[in-house]
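For reference, the structure discussed in these notes is given below.
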2 protein chains.
Amino acid sequence: MDDKKKRIIEIAEQLFAQYGFLKTTMEDIAKKVHMGKSSVYYYFKSKDDIFAEVIRKDTLIFQQKLDEAVNNANTPEDKIRAYVTTRMTHLQDLSKFYSTLTDEYLDHYLFVEEVRKDFYDYENTVLRNILKKGIEQNCFDVDDIVTISRMISIAIKGLEFPLFVEAKDYDPVKESNDMLDVIFNGIANH
Amino acid sequence: MDDKKKRIIEIAEQLFAQYGFLKTTMEDIAKKVHMGKSSVYYYFKSKDDIFAEVIRKDTLIFQQKLDEAVNNANTPEDKIRAYVTTRMTHLQDLSKFYSTLTDEYLDHYLFVEEVRKDFYDYENTVLRNILKKGIEQNCFDVDDIVTISRMISIAIKGLEFPLFVEAKDYDPVKESNDMLDVIFNGIANH
DNA sequence: TTTTCGACCGAAAAACGATATTGGTCGAAA
DNA sequence: TTTCGACCAATATCGTTTTTCGGTCGAAAA
């Protein structure tokens with residue numbers, strides 16, 4: 001990708017994080033990259049387009065980080081634990097960085113929903129692959145992989161909530177592992 | 001409780017459900033209940049007060065319904081299943097009835113948050129009691145009741161999400177039972 | 001004493017027109 | 001190929017006026 005383009009995305013990301021999407025003007029971005037506003041439009045066709053690429057970049061980094069965490073874990077169970085805890089800590093960081101955006105994400109509801117769906121698909125693919133391998137290795141006792149991966153996805157999604165309302169004194173890693181203890185072992189007496 | 005008061009609450013609930021809290025004026029309520037506006041203030045000290053009592057009434061009915069469902073189930077596992085499925089179906093009904101409110105509940109953020117907390121406490125009490133009895137009856141293998149009940153609470157909270165965004169083709173009872181299968185049996189190979 | 005209501009208040013919202021911003025375009029120049 | 005100043009139209013903003021609405025009060029019904 002063009003070097004200038006990359007730079008614009010970086011600057012824009014900073015400004016979005018600091019002032020939010022609406023309060024950041026194209027002028028602001030252009031000025032900070034030392035360009036005329038029109039020049040920025042040579043690289044991006046709209047403000048939304050810049051936003052989209054910022055999100056796309058962040059999502060990619062997020063997924064790479066998750067993939068790495070999963071690859072570095074050994075057993076299928078550890079892979080899932082690595083996935084979930086990495087997901088939570090990264091989300092915690094994001095929630096701090098993008099605190100200004102949480103209020104106005106309603107305006108980009110459609111777009112955000114799309115990204116969310118993509119991520120959901122990615123997550124399900126990852127989880128299904130781990131589950132499949134886990135079954136082959138006789139670690140898991142699961143007959144419907146699709147359903148189970150969705151249930152895991154939903155359960156850990158529930159853990160997100162405190163990140164965006166009251167983040168203090170919240171230990172996402174501990175919460176994640178407690179949830180995973182339930183999911184792996186169940187609570188019924190076997 | 002006063003009969004007139006009850007009537008006002010009923011009418012107000014209808015109007016809130018239909019037009020939302022903000023669009024419903026005290027005049028609207030008074031007119032529909034065939035009273036002067038001032039007369040309504042004889043029974044309630046504020047509009048918020050009426051709203052609070054509507055919510056309080058609905059919450060009470062909700063909890064009674066849940067208690068009944070739990071009591072009618074026999075085994076601890078069935079009690080939890082009864083609790084969760086009743087919770088979900090009732091929430092589904094509420095989401096239809098109060099569809100107009102979901103957008104503006106941000107304004108009453110504090111109050112709604114308070115109600116949510118109360119309900120969360122209630123839910124945890126119910127779940128803990130069932131878990132405790134289940135352990136005594138040797139149905140459950142759990143050492144930290146507090147954590148486990150919170151995890152169940154969080155997991156089923158995740159199931160709520162689709163109710164408020166895309167309700168069609170969503171079967172809350174099936175989803176609930178799938179989630180509970182995981183929670184009861186786990187996915188690890190024992 | 002309890003209940004109802006019309007008249008009224010003040011704060012906040014809506015309405016509105018004038019002005020400024022801002023996302024985006026275009027053609028020229030470098 | 002890249003940059004930018006000039007420009008446009010739509011929208012946001014702002015100052016002002018008007019209306020609405022939650023809430024009060026005192027009197028009168030019951």
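A note on names: the letters A, B, ... follow the listed sequences, proteins ahead of strands, and every chain is numbered from 1.
In this model, a side-chain donor or acceptor of A:Lys37 finds a partner on the base of C:dG24 within 3.5 Å. Interface remark: the B:Ser38 side chain does form a donor-acceptor pair with the D:dT24 base, using a distance-only criterion of under 3.5 Å.
Connection of A:Phe119 to A:Val146 is not established within any shared hydrophobic cluster, with ILVMFWY side chains joined at heavy-atom distances below 4.5 Å, either directly or through further cluster members.
In plain terms, the two heavy atoms of B:Phe164 and B:Glu160 that are nearest each other are CD1-O, 3.7 Å. Scanning all heavy atoms of the two residues, the minimum distance from B:Ala12 to B:Val54 falls at CB-CG2, 4.4 Å.
B:Thr25 comes within contact range of the sugar-phosphate backbone alone, with a heavy-atom separation under 4.0 Å but no base atom that close.
Taking the six-membered ring for Trp and thresholds of 30 and 60 degrees, B:Tyr83 and B:Tyr122 have ring planes inclined between 30 and 60 degrees apart.
In this entry D:dC21 has C:dG10 as its Watson-Crick or G-U wobble partner, both defining distances falling under 3.5 Å. The pairing partner recorded for C:dA29 is D:dT2, the criterion being a Watson-Crick or G-U wobble arrangement whose two distances lie under 3.5 angstrom.
As rounded to whole Å, 13 Å separates atom C1' of D:dG23 from atom CD1 of B:Ile29. For A:Ile8 and D:dC4, the CD1 to P distance is 11 Å, given to the nearest whole Å. In this structure, B:Glu27 atom CD and C:dA7 atom P are separated by 13 Å, rounded to whole Å. The nearest whole Å value for the distance from the NZ atom in B:Lys47 to the P atom in C:dA11 is 19 Å. In this entry the distance linking CE of A:Met35 with P of C:dG23 reads 17 Å, nearest Å. A straight line from CZ of B:Phe44 to C1' of C:dT4 spans 16 Å, rounded to a whole angstrom. Residue B:Tyr42 contributes atom OH, which lies 17 Å from atom C1' of D:dG23 at whole-angstrom precision. Residue A:Leu22 contributes atom CG, which lies 12 Å from atom C1' of D:dT11 at whole-angstrom precision.
When distances are taken from the side chain of A:Lys4 to each of C:dG23, D:dT2, D:dT13, the shortest belongs to D:dT2. Checked against D:dT3, D:dT13, C:dT3, the side chain of B:Tyr43 finds its nearest nucleotide in C:dT3. Listed nucleotides C:dT25, D:dT3, C:dT4 differ in distance to A:Tyr41; the shortest reach to its side chain belongs to C:dT25.
Look at A:Ser39 and you'll find a side-chain N or O under 4.0 angstrom from OP1 or OP2 of D:dC4.
Checking A:Asn124 against A:Arg150 by side-chain atom types alone, no donor-acceptor pair falls below 3.5 Å.
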